[in-house]
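Structure, as structure tokens:
No experiment lies behind these values; they were computed from the predicted model shown. Values reported hereafter were calculated over all heavy atoms of this structure, with side chains retained and with hydrogens, waters and symmetry mates removed. Counting starts at 1 for both ligands and their atoms, following the listed order.
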Amino acid sequence: MIGTLLCYVLLPVARLLHALRDAFFTCRKNVLLAKRTTTHIDGLSVPISGKPVSEEQQALLQQWLEEGAGELHTNESASEPEKVSAISDAEWMKGPELLMTSLSNLNVSPQSGSQEQQQPPMVQTEVSPGLQEFVEATVASLPAEGREALGDNALWAAVRTQADPQIIEAAPLSTEVWIEDPAVLAWSPAQETEVVPTEGAVWPFQNAGQFQPLPLEIPYHEILWRDWEDLSAQTCIPELGSETGFLFEFRVMSYNILAQDLIEQSPHLYMHCHPDIMNWSYRFTNLLQEIQHWDPDILCLQEVQENHYWEQLQPTLMMMGFACIYKRRTGRKTDGCAICYKQSKFQLISTSPVEYFRPGLDILNRDNVGLVLLLQPLFPENLGDKSVRPLCVANTHVLYNPRRGDIKLAQMALLLAEVDKTAKMADGSYCPIILCGDLNSVPDSPLYKFIRNGQLYYHGMPAWKVSGQEEFYQNPHQRKLLTPLWPSCVGITDSCQYASLCQSKKSDRQKYSRDFLLQFRYCDAACERPPDLILLEGVTDAMPDCPAHWPKELTVVNNTDPELFCSRHPGSIQHDLNLTSAYSHFLPERGRPEITTMPMGVGATVDYIFYSAHPIKNDNEECRRMYQDGALKLLGRLSLLSEDILWSANGLPNPFYSSDHLCLLASFGLENSDF
Ligand code: KL2
């Protein structure tokens, strides 16, 4: 009976809803595209890189447009996906040169030609011979398809990072790679050849339900360009080399790299992507190149599949100078979070994996995890005995379910409690903190405000509102957040601290629980008016009436439950960590929000790099809290993109960015503790 109901009623209804949702996103995308400022450049003779296009290239392009692109576009409407695949593959073979030019210059800034000559290399990421050997072995162990994608020198040619980290020195890439496999390596060192943009990119979400060919015509390197924003001018930095002040500089990346198993579990989310760019070999290579290109000192990864971590990511990152710590999700989920740090820059003091799952508790019944490290920054020897305080680094991937904001808040509270414990120094102050992750909550949502403002009044709030992911969720039986959000047995106070630690630290200040003190409400001493209290007739001279049932003799019940010693705050939660975001969540020059991911073609920010700063006193407590940099200075960040830009590049993942999230990258300076 239930089976019949499921098969004949619920399934068709679910499919219908799904189709309607797809149609909605398609419409939305078309509206966006109509508004979009054009990113392509008309005409064949306008080269992106500013260098003239050779006649040979023009002829090739013309030929490709006549023979290839035309067919590609007519086949776009073909109903059977297999047919589209076969024909499009053939088309790529026809235009390998063009394919190469479109994707191999991705790393070259439109202005890089001139800048490259002006700026001497600052940082150089050399690939050690050991790494080269290891990579060759790894590549040899990959399936044939992966080896073709890697080519001879694609990933491992040394990439020099210069003052502007986007500028790289190009090494030639073998053309066979492109001919062998259309799954080209987007982050490979750039070619000498110029990019020739053309019109008529194939838009991803128009034909929901079938993948689209690789959008060869898009000049990726131009539309997906991410600027490095130098913020050091706005920061008060101690003079370098001076006696007192010194900045320890480091770069932090947060990246949800999209676990392969999750793609396989929800293939409908990636129908707009060509299968060739979704295979792990391609994505792994591309992701690694991106990481290598930006050269972070601390790397917080989410959605790291366990087998990929142990077999590929960890060994490869180790060869790149990182030490890595991994925490897999609980239950049957195969992915987890990793924090990797450059061993030349940090020494590990402590590691704390955090599991949010608590058996038997509805509010904590999901398998998400977090990871908190305490790292000691290491100074180069030539700087003498400079010292800085340790750095606390946290990473997490919070529950996705947009309707369960209650769970998300409880998960955050658990992570903040661990951060509080790890970052608290012997003198009671906190060391600098970096908190990265995919919080599955948008900016200015209650969860975001809780992290940034340090408090949230949640009582009565609909659970779906917490993350701000769904604006119009209406359900008469919607779940509401009630006090207390989590039971005392979790062992975390409303101030997001471990109750056990809170008891010992606060035992002097807060010896008696509220219930304990209430027992003395009507005793003579409590009813006596203090002599310095202003006398207001009928107010401060009134003696409270003792209720009839109140016992005449006071029998004090001393409740020793540690929870009672840490006051709970009805309906609200707090934390003391003073965290602010490295990103502003808005692109002023484009007048649009920044986005870090694009589920179903809708852009949103859900990934963050928070760091500890000094709150600026604000009389209006309701307002967004303001911060100024403290010991940690935000020196720069890699700009994010807007939704319309990513629309024009086939959404996410695309051949260039191999995850459904963009990476976040921020540069910090840590002040010398003596300063
Ligand atoms: O938004 V995410 O994507 O941070 O990249 O985190 C989760 C979602 C990830 C791990 O659970 O899987 C994705 N619809 C869309 N995406 C989903 C869904 C869903 N129902 N469930 C999980 N994810």
In chain-and-number order, ligand 1 lies under 4.0 Å from a heavy atom of each of Asn256, Leu262, Leu269, Glu303, Arg329, His397, Tyr400, Asp438, Asn440, Asp660, His661
Gln302-Ser254 side chain donor-acceptor pair, cut-off 3.5 Å | yes
Atom pairs and distances, donor-acceptor, side-chain atoms in residues 350-357, under 3.5 Å, two or more places apart:
unit_1 : atom_1 : unit_2 : atom_2 : d
Ser352 : OG     : Glu418 : OE2    : 3.2
Glu355 : OE2    : Lys327 : NZ     : 2.7
Tyr356 : OH     : Thr396 : OG1    : 2.7

Check: Tyr448 main-chain N/O paired with Ser441 side-chain donor or acceptor under 3.5 Å | no
What salt bridge (charged side-chain N to carboxylate O under 4.0 Å, His left out) pairs are there with at least one residue in residues 364-374, not counting sequence neighbours?
-> Lys333-Asp367
Do any N or O atoms from the side chain of His397 and from the backbone of Asn368 form a donor-acceptor pair under 3.5 angstrom?
-> no
Qualifying residues under salt bridge (charged side-chain N to carboxylate O under 4.0 Å, His left out), relative to Arg329, sequence neighbours excluded | Asp335
